[in-house]
Amino acid sequence: SDVCSSDLSDLVVNKLLNLSNGNLSAGGYNITLVSNATSSARMIQSNGVLLGNLALEQYVTESTFGHHYLSNPVSACTFSQLADDFPLGISNNFPHVYFYDEANSSWDSPSSESESLAVGKGYTGYFRGEITVDITGTPNNGDIPVSLTADGSGWNFIGNPYPSPINWDSVTVPSGMAGAIYVWDHDPNPAVWGRYATYLDGVSTNNGSNVIPMMQSFFVYANANTTFTFENNARIEDLSVTGTFYKQDEQEVSPLLKLKLSNDTYGTESVLRIKSKASKNYDELYDAVLLESGNPDGVEFSFVSADNKNIVINSVSELIEDQESYPLYSKIGKSGIHQIEIIEKENFNAEVTIQLRDLKEDIIVELNEPYVFSADDGEIEDRFELILAKKSATTSVLESEVVQNAIIYNTENTLFINNMRNLDISTYNINVYNSIGQKLISETNNSHSDNIELDISDLSSNSVYIVEIEGIYSKKITK
């Protein structure tokens, strides 16, 4: 559809070339699938093949220098076909094209431009965007097996081998391979760094998608040597599906919570999903392990499974106990102010509260607003926990003034704690926090009194605070 010819030596396809009933001979024509900033043509070989060569274009939108993940949609193609699109620099100390060696967990470059671009393998090119990458050859079609290894890191860099987008929800994941995909999403400045957009089973982080465009490569994880096969039934003919998230109606509706860890420069996401048949241990069908960006100044963020794996899409079973906690992992590249917030919440029962425990500050807060904290650079493996609690079991923030055995209330300058049933709180600290978790007051009840008064005149007016009797309960107040 939408095929035009400027002369007798070329045919330009702007939308779709569908071989649905017989073969197409290119003859003396040059047939080109055109790509630009608004659309990309595609080819579907449902019942026929192209006899001859096809030129395929893929427009790269990002305007800054950065790594762009590429793959080869034709047979018998060499790196030299990329040399007219961006400088490869193969003979230089810093080449601009690489592939990933799973066994050695390293990025390697080809030895020469005459080396073949393998079908189904991933490559990355470092170049400035807003260019069109083009490759000419016989378009790939049919089943295309790709060997996956687990000799080193387990991370295998593969790529869409077809002259069309594919739908990852339609592929068959073999035993030994996890179901998630990871696509590089580079930062605009400096573009050498970025984060991974992850997709698994209808869930994504960092704008990940099940739609893999033509010439797009990505990472998958294997825990055993296996073979993954690209198949024609995963190819997308529908021109309205271009690369954004494409959700299928039959996917299970599950409670989902998406968290984001960020600072003023970098941010990344992690997901908790309640799903039947899932568990707190890692499961390659339901969970996506964290693939870190490698940015020394950036942030990494994930849940930690019961078997101690960092999980960026974490599927767990339904809430059985009154309260369940889920440890979080983070890595801070630069010391400073950071925040954790909920950016998406779906299908959660109104009777379930969502809380964050900061073990360093010894506080639990509801995540109704971003939790702001200060952190030094380095890994943080045991500071934060996400807590899901039924409201009947929640004690961190309560609507009622009666909290277990006490009443907490305040005037403009005084905080009152009335120990109604003579609960022994003499050995506990009484702490007051602001809404971002900073401890402003800490007093020990040395008076052994049932009625405690604290001076809060130094606290700002028209603000929300959390009053905590350490280890027992806490309550939100407004001054």
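Only a predicted model underlies this, so the values are computations on that prediction, with no experimental measurement involved. Along the sequence shown, residues carry numbers from 1.
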Worksheet item: Among all residues two or more places apart in sequence or in another chain, which pass the salt bridge (Lys or Arg N to Asp or Glu O under 4.0 Å) test with Arg273?
Response: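 If we apply the salt bridge (Lys or Arg N to Asp or Glu O under 4.0 Å) test to Arg273, skipping adjacent residues, the hits are Asp201.
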
Quick check: [Y] with [X] (ring centres under 6.0 Å apart)?
X	Y	answer
His68	Phe127	yes
Trp155	Tyr221	yes
Trp184	Tyr126	no
Phe157	Tyr100	no

Item to complete: Would you mind telling me which of Tyr182, Tyr69, Trp168 makes a ring-ring contact (aromatic ring centres under 6.0 Å, His included) with Phe218?
Response: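 Only one option passes, and that is Trp168.
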
Practice prompt. With sequence neighbours excluded, tell me which residues meet side-chain contact (heavy atoms from CB on, under 4.5 Å) with Leu285.
Written response: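 Counting only residues at least two positions away or on another chain, Leu285 forms a side-chain contact (heavy atoms from CB on, under 4.5 Å) with Asp283.
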
Fill in: Contacts of type side-chain contact (heavy atoms from CB on, under 4.5 Å), residue Gln58, not counting sequence neighbours
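For Gln58, the residues satisfying side-chain contact (heavy atoms from CB on, under 4.5 Å) (neighbours in sequence not counted) are Ser35, Ser40, Met214, Met215.
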
Worksheet item: Hey, is Lys334 close enough to Asp377 for a salt bridge, meaning N to O under 4.0 Å?
Response: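 Salt bridge: no.
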
Worksheet item: Is Glu269 salt-bridged to Lys260, cutoff N-O under 4.0 Å?
Response: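 Here Glu269 does not pair with Lys260 in a salt bridge, since their nearest N and O are not under 4.0 Å apart.
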
Discussion item. Below 30° counts as parallel, above 60° as perpendicular, anything between as tilted: where do the rings of Phe230 and Phe228 land?
Written reply: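 Rings of Phe230 and Phe228: perpendicular, over 60°.
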
Answer yes or no: is there a donor N or O on one side and an acceptor on the other, between the side chain of [X] and the main chain of [Y], under 3.5 Å?
X	Y	value
Tyr162	Gly142	yes
Tyr329	Glu300	no
Gln216	Ile212	no
Lys258	Ser204	yes

Discussion item. A quick test of your reading: do over 12 heavy atoms of other residues, nucleotides or ligands sit less than 6.0 Å from CG of Asn207?
Written reply: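 For Asn207, atom CG is not crowded (no more than 12 foreign heavy atoms under 6.0 Å).
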
Worksheet item: Around Lys309, counting heavy atoms of other residues, nucleotides and ligands shown, do more than 12 lie under 6.0 Å from its NZ?
Response: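 No - once you tally the heavy atoms of other residues, nucleotides and ligands closer than 6.0 Å, there are 12 at most.
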
Worksheet item: Can you tell if the side chain of Val289 reaches within under 4.5 Å of the side chain of Asp287, non-hydrogen atoms only?
Response: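 No. Closest side-chain heavy atoms not under 4.5 Å.
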
Worksheet item: Quick one: are Asn14 and Ser39 in side-chain contact, heavy atoms under 4.5 Å?
Response: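 Asn14 does not reach Ser39 side chain to side chain.
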
Practice prompt. Nearest 0.5 Å please: distance from the CG atom of Asn206 over to the OH atom of Tyr196.
Written response: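 Going from CG on Asn206 over to OH on Tyr196, the span is 12.0 Å.
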
